Undergrad: 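For reference, the structure I am asking about is given below.
Just so you know, these numbers come straight off a predicted model, no measurement behind them.
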Amino acid sequence: MPSTPVPPPSPDAAREPVAPPGGPAAEPSSGASSPGASSPWTLVVLTEEAFGDVDARNVAQLHAGEAVRHVVLVPADTRRSVLAGLLDHLSLGELREALGALREGGRTDPERARAEAEAALAATLAALRAEGLDADGRTTGDDPMPAVREALRDEPDARELVVVTRPHAVEDTFHTDWASRARDELGVPVLHVYAGTTRLG
């Protein structure tokens, strides 16, 4: 589903925006950092799947040159609706994946969900560290919002959230996706990027 690019959520923080659809990711700025840029702070990253190179580069370019610690959260999601998954695949023209989601049936097995989340977390941390970033993280339960709230409350100077997901036809349309919920509930800047792209949600 096409999305309209928007500027990054925190206009008072020095950052390099994610590029609009079809354009290259922005180059890091060589200009001076904003006041206080040398003071470490925490960026919380919520992702539903393992980062690839594009995703890690997008995050790295948001605050290039700043001392930022990245805390990654990956849900072990066992509650994903079969119908929602089917609609997501169909909206992207993924017929084979849609049939696979239909065959899979009900909930994901909890052990399988945890294993997949742990693997996605390890791959994401490796991708971020390969970009030279300070990154750590953990998996969460089905609903990641409690863990996001905890991270924003407990991590040193946590003040932004980046959400990385695939497009979800149902949730995105009705604003029940993680990013929309976070914007409504958490009171911090939220940037939603579609996985593997520079498109903003």
Undergrad: For a quick test of reading the model, state the closest non-hydrogen atom pair linking L161 to A182 and the distance between them.
TA: CD2-CB, 3.6 Å

Undergrad: Just distance, no hydrogens or angles: give the donor-acceptor pairs under 3.5 Å from side chains in residues 146-155, sequence neighbours left out.
TA:
{"unit_1": "R149", "atom_1": "NH2", "unit_2": "E185", "atom_2": "OE1", "d": "2.5"}
{"unit_1": "E155", "atom_1": "OE1", "unit_2": "R69", "atom_2": "NH1", "d": "2.3"}

Undergrad: List the residues meeting side chain to side chain contact (heavy atoms under 4.5 Å, CB included) with E131, not counting sequence neighbours, and say none if there are none.
TA: A56, R57, A60, L133

Undergrad: Without swapping roles, check the side chain of D55 against the backbone of G196 for a donor-acceptor pair under 3.5 Å.
TA: yes

Undergrad: Taking N58 for the side chain and T197 for the main chain, is one N or O donor matched with an acceptor at less than 3.5 Å?
TA: yes

Undergrad: Sequence neighbours left out, what passes side chain to side chain contact (heavy atoms under 4.5 Å, CB included) with A179? Give chain and number order.
TA: V163, D177, R183, V190, H192

Undergrad: Decide whether E160 and W41 meet the rule of one side-chain donor and one side-chain acceptor closer than 3.5 Å.
TA: no

Undergrad: Do you know which two heavy atoms are closest between P75 and W178, and how far apart they sit?
TA: CG-CH2, 3.4 Å

Undergrad: With a cut-off of 6.0 Å (strictly less than), are more than 12 heavy atoms of other residues, nucleotides or ligands near CG of D134?
TA: yes

Undergrad: What's the verdict on side chain to side chain contact (heavy atoms under 4.5 Å, CB included) for R138 and V71, showing C-alpha distance, side-chain angles and the deciding distance?
TA: CA-CA 8 Å; R138 58 189 177 272; V71 173; 4.0 Å; yes

Undergrad: Side chains of V72 and D136: closer than 4.5 Å at any heavy-atom pair?
TA: no

Undergrad: So, E48 side chain and R166 main chain: donor-acceptor pair closer than 3.5 Å or not?
TA: yes

Undergrad: Report the distance from atom OG1 of T42 to atom CZ of R159, rounding to the nearest 0.5 Å.
TA: 9.0 Å

Undergrad: State, with a plain yes or no, whether a side-chain heavy atom of L73 is found less than 4.5 Å away from one of P144.
TA: no

Undergrad: Would you list the atom pairs, donor with acceptor, under 3.5 Å between side chains in residues 119-129 and any protein atom, with sequence neighbours excluded?
TA:
{"unit_1": "T124", "atom_1": "OG1", "unit_2": "F51", "atom_2": "N", "d": "3.0"}
{"unit_1": "T124", "atom_1": "OG1", "unit_2": "A120", "atom_2": "O", "d": "2.8"}
{"unit_1": "R129", "atom_1": "NE", "unit_2": "A135", "atom_2": "O", "d": "3.1"}
{"unit_1": "R129", "atom_1": "NH2", "unit_2": "A135", "atom_2": "O", "d": "2.7"}

Undergrad: Just do the salt bridge (charged side-chain N to carboxylate O under 4.0 Å, His left out) check on R112 and E116 with the steps written out, would you?
TA: CA-CA 6 Å; R112 176 183 164 190; E116 290 176 348; 2.9 Å; yes

Undergrad: Hydrophobic clusters here meaning ILVMFWY residues chained together by side-chain heavy-atom distances under 4.5 Å, can you tell me if L191 and V54 are in one?
TA: no

